[in-house]
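Encoded as structure tokens, the structure appears first; notes follow it.
Being a predicted model, the structure only gives us computed values, none of them experimental. The residues of the chain are indexed from 1 along the displayed sequence.
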Amino acid sequence: MKPKEAQVGTLVKVREHHRIEERRGLVGEVVGCYGGIEYVVVDVRFPDGKDRLFWPGDLEEVSSPGGTC
């Protein structure tokens, strides 16, 4: 995922190359984006209610059944 693609409400999946094995494949919703032009982190909320910060490159967008957000 590119930083400009990370928008609040987007459904995302943690890529298989993520350094923390337990988070690989988890699906959650983008609830915030922080940073500037060069460095952006994405705040993702998972179904268990926990929020985690990720680099955009660690995420991929999941197609939602209803179309685009």
Item to check | Residue pairs involving residues 22-45 (criterion ring pair (Phe, Tyr, Trp, His ring centres under 6.0 Å); sequence neighbours excluded) | outcome: none

Item to check | Closest approach of Ala6 to Cys33 (non-hydrogen atoms, all atoms of both residues) | outcome: O-SG, 3.2 Å

Next on the checklist: If the condition is side chain to side chain contact (heavy atoms under 4.5 Å, CB included), which residues does Glu21 pass it with, not counting sequence neighbours?
Outcome noted: Arg24

Item to check | side chain to side chain contact (heavy atoms under 4.5 Å, CB included) partners of Val12, counting only residues at least two apart | outcome: Met1, Thr10, Val30, Val44, Leu59

Checklist entry - With sequence neighbours left out, which residue pairs that include part of residues 3-18 fulfil the salt bridge (Lys or Arg N to Asp or Glu O under 4.0 Å) condition? => result none

Checklist entry - Can you list the residues that meet the side chain to side chain contact (heavy atoms under 4.5 Å, CB included) rule with Leu26, with sequence neighbours excluded? => result Val14, Arg23, Phe46

Checklist outcome for this item: Arg45 meets the salt bridge (Lys or Arg N to Asp or Glu O under 4.0 Å) criterion, sequence neighbours left out, with Asp51

Item to check | Closest contact, heavy atoms only, Asp48 versus Lys50 | outcome: OD1-N, 3.0 Å

Item to check | Same cluster (ILVMFWY, side-chain, under 4.5 Å), Val8 and Val31 | outcome: no

